[in-house]
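Before anything else, here's the structure in question.
Order of listing sets the numbers, starting from 1, for every ligand and every atom in it.
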Amino acid sequence: MEKTGGNEKLWGGRFTQTTDELVEKFNASIDVDKRLYASDIEGSIAHLKMMAKKSIITQKEADVLIKGLGKVKTKIENNEIEFSASLEDIHMHIEDALGKVAGDVARKLHTGRSRNDQIALDVRIYLKKESRIIIDLLIGFQKALIKMAKKNLKVIMPGYTHLQRAQPVLFSHHLMAYYEMIKRDIQRFEDCLKRIDVMPLGAAALAGTTYPLDREFTKDVLSFAKVSDNSIDSVSDRDFIMEFISHASICMIHFSRLSEELILWSSSEFSFITISDSFTTGSSIMPQKKNPDVAELVRGKTGRVVGNLMCIFTLMKSLPLAYNKDMQEDKEPLFDTVDTLKICTDVYTRMFENIQINKDRMYEACKQGFLNATDLADYLVSKGLAFRHAHAVAGRAVAYALNQGKELNELSIDEFKELNDLITEDVYAFITIDKMISRRASYGGTSFTNVKQAVDKAMMELGV
Ligand code: ARG
């Protein structure tokens, strides 16, 4: 095989000195980008098919190389290829391995192509697949949410604002709030897919190529939706990665908020839920401890995904067009984001099967803390008082009851009448927990009928 230069590197022709060992190590990305091997081979096969079609190489050459790439893939999967910093990245490793299985004709693979458009293509192939897997995982989690909501449709818990008990809500309604968040996350990933699904190969280094490529054909072989329109943009664009990690960050923040609630709810102060032993861990010193580590880790891992977002933003800021080696650093934050989001979604889907709802405790918690104060005001409105006045009366009622060490429903009718003579015996029936729920029937509110409809609608949406 033809020597490629003094340095025997694939780009070594113009070099007379060998690369410094430390620089070689520093420059290499193989440890990270080796996971792109399948995408890289898929892209090369499409490129070869296109080149044969356009007679840039012969069909026979293409066949030999395509077969060779198949062998290289198997070798990688059987750990038969040794990765080394001297071959820099996954592209060079594959080309080198192809040379070993197919001979010198392997030197034709890189015709009309640069590693700049090649890496852009590889990441897009990878991220298309991973986005779909993530969407499916998120749908799986939505199903777990719905299952729990359906099973606990009528369970009532205190709803909070400022983490202070506010008004009673259905627990299922609270869960369905997360269903809505995840639904938007999925929509964001689906929308982002439109911009990932663009085929950049053919941009070559940055300016396009002198070979008569058929980019539409390559796009069709690889099942991309469209080809990129501008060669400079094709090799410079990492918006799709920034966008993906943004959406992943939002999704992780949703998981983190859920984590915070699960952690609070499983504390003895709340005791709203019990997480099964298989999804909790103990303490090496305190024998009584059962810790919600899974939820804490999901909350913690949100930090690294948001960190990855800062990483890619900072990396891209101020980069002149077109390709810059800085962009090689885009893969670690991307891969870490994909891995983190996948495992967090998976672990939560499974954990949901392992959470027991302590409905009596939730209901009890609704009895204390004047959760019916708004409804006392609403009661007075129903008797003809303007809401602001009614609010003031209910406020005085709370202050009075607090002083007496009572809840509002524990006040006698005489005490009520003292506060406002519009109040009659029917007040007690008006401010029960169940009535407070059923009256909140405005669209999107927590009434049982509403929530049942929302759960049914979600089941239709997911086809369950
Ligand atoms: N390993 C490189 C990356 O991940 C591939 C592109 C290298 N291009 C170049 N001209 N050095 O970005």
Legend entry - Close approach, Lys331 and ligand 1, non-hydrogen under 4.0 angstrom: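 The answer is yes: ligand 1 sits under 4.0 Å from a heavy atom of Lys331.
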Legend entry - Between Gln59 and Asp63, a side-chain donor and acceptor under 3.5 Å: yes
Legend entry - Side chains of Gln118 and His47, donor plus acceptor under 3.5 Å: no
Legend entry - atom 11 (N) of ligand 1 - nearest protein heavy atom and its distance: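 Scanning the protein heavy atoms, the shortest distance from atom 11 (N) of ligand 1 goes to Arg115 NH2, 3.5 Å.
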Legend entry - Cation over ring face, Lys301 and Phe255, 6.0 Å, 45°: no
Legend entry - Centroid-centroid under 6.0 Å between Phe141 and Tyr178 rings: no
Legend entry - Validation row: Thr349, Leu137 side chains within 4.5 angstrom (heavy atoms):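 The answer is no; the side chains never approach within 4.5 Å.
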Inset, instruction - Report, in ascending order of atom number, the atoms of ligand 1 lying under 4.0 Å from any heavy atom of Ser29. - result: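 Those of ligand 1 that fall under 4.0 Å from Ser29 are 1 (N).
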Inset, instruction - Check each heavy atom of His91 against ligand 1 and say whether those closer than 4.0 Å belong to the side chain, the backbone, both or neither. - result: side chain
Inset, instruction - Assess the pair Phe171 and Phe272: is the distance between their ring centroids shorter than 6.0 Å? - result: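 Between Phe171 and Phe272, the centre distance exceeds or equals 6.0 Å.
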Inset, instruction - Can you pull out the closest protein heavy atom to atom 8 (N) of ligand 1? Residue, atom name and distance to 0.1 Å, please. - result: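 Going atom by atom, the protein heavy atom closest to atom 8 (N) of ligand 1 ends up being Asn116 OD1, 2.9 Å.
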Inset, instruction - Would you mind listing which atoms of ligand 1 come within a distance below 4.0 Å of any non-hydrogen atom of Gln328? - result: 1 (N), 2 (C), 3 (C), 4 (O), 12 (O)
Legend entry - Taking atom 7 (C) of ligand 1 as the reference point, the nearest protein heavy atom with its distance: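 Answer, as residue, atom name and distance: Tyr323 OH, 3.5 Å.
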